[in-house]
Visitor: 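Sharing a structure below in structure tokens format, with a few things to ask.
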Amino acid sequence: LARDAFLKSLAISERLASNEPDRADFQRDLVISHVKMASISDSAPDAGQWYAAAWQIVAGLQAQGRWQPADDWMKADLVKRAAENGVTVG
């Protein structure tokens with residue numbers, strides 16, 4: 001059940017982020033959806049792919065100067081979670 005709910009949330013986040021790529025808040029929501037999918041993944045490699053995808057979005061926002069300093073805690077958490085699954089990001 002959780003997986004289905006997270007997949008629905010991911011689909012919505014992807015659609016919003018795709019339709020309005022200039023909206024940093026939609027991109028941030030997509031990062032959260034990726035992290036949620038990683039948290040319920042059955043294997044570390046699967047989780048790692050979700051974390052890597054989330055990091056790509058974060059890195060893109062940073063490169064564009066659209067990452068909000070108030071969300072730096074999220075970056076640190078993402079790096080930690082990814083490392084726990086054998087993925088280096090950041």
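Numbers here simply count residues along the sequence, with the first being 1.
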Visitor: Working note: Met74 + Val58, criterion side chain to side chain contact (heavy atoms under 4.5 Å, CB included); need CA distance, chi angles, decisive distance, verdict.
Guide: CA-CA 9 Å; Met74 190 184 304; Val58 170; 5.7 Å; no
Visitor: Other members of the hydrophobic cluster containing Leu16, with the 4.5 Å side-chain heavy-atom rule, please.
Guide: Ile12, Phe26
Visitor: Taking all non-hydrogen atoms of both residues into account, name the closest pair between Val89 and Ala82 and its distance.
Guide: CG2-CB, 3.8 Å
Visitor: Tell me if a side-chain donor or acceptor on Ser9 pairs with a main-chain N or O of Phe6 at a distance below 3.5 Å.
Guide: no
Visitor: Look up atom CD in Gln68 and atom NZ in Lys75, then write down how far apart they are to the nearest 0.5 Å.
Guide: 11.5 Å
Visitor: Can you list every ring-ring contact (aromatic ring centres under 6.0 Å, His included) pair that touches residues 47-84, not counting sequence neighbours?
Guide: His34-Trp50
Visitor: Could you measure the distance from the OG atom of Ser33 to the CG atom of Leu7? Nearest 0.5 Å is fine.
Guide: 10.0 Å
Visitor: Keeping Arg66 on the side-chain end and Asp22 on the backbone end, is there a donor-acceptor pair under 3.5 Å?
Guide: yes
Visitor: In Å, rounded to the nearest 0.5 Å, how long is the span from CG of Asp77 to CG of Asp71?
Guide: 12.0 Å
Visitor: Provide the closest heavy-atom pair for Ala17 versus Gln27 in the form atom of the first, atom of the second, distance.
Guide: O-NE2, 3.2 Å
Visitor: Measuring from Arg3:CZ to Asp42:CG, what's the distance to the nearest 0.5 Å?
Guide: 6.5 Å
Visitor: Do Asp25 and Arg28 sit within salt-bridge range, that is, some charged N less than 4.0 Å from a carboxylate O?
Guide: no
Visitor: First locate atom NZ of Lys36, then atom OG of Ser13, and finally report the distance between them rounded to the nearest 0.5 Å.
Guide: 8.0 Å
Visitor: Are the side chain of Glu14 and the backbone of Leu30 linked by a donor-acceptor contact shorter than 3.5 Å?
Guide: no
Visitor: Which heavy atom of Val31 sits nearest a heavy atom of Ala54, and at what distance?
Guide: CG2-O, 3.8 Å
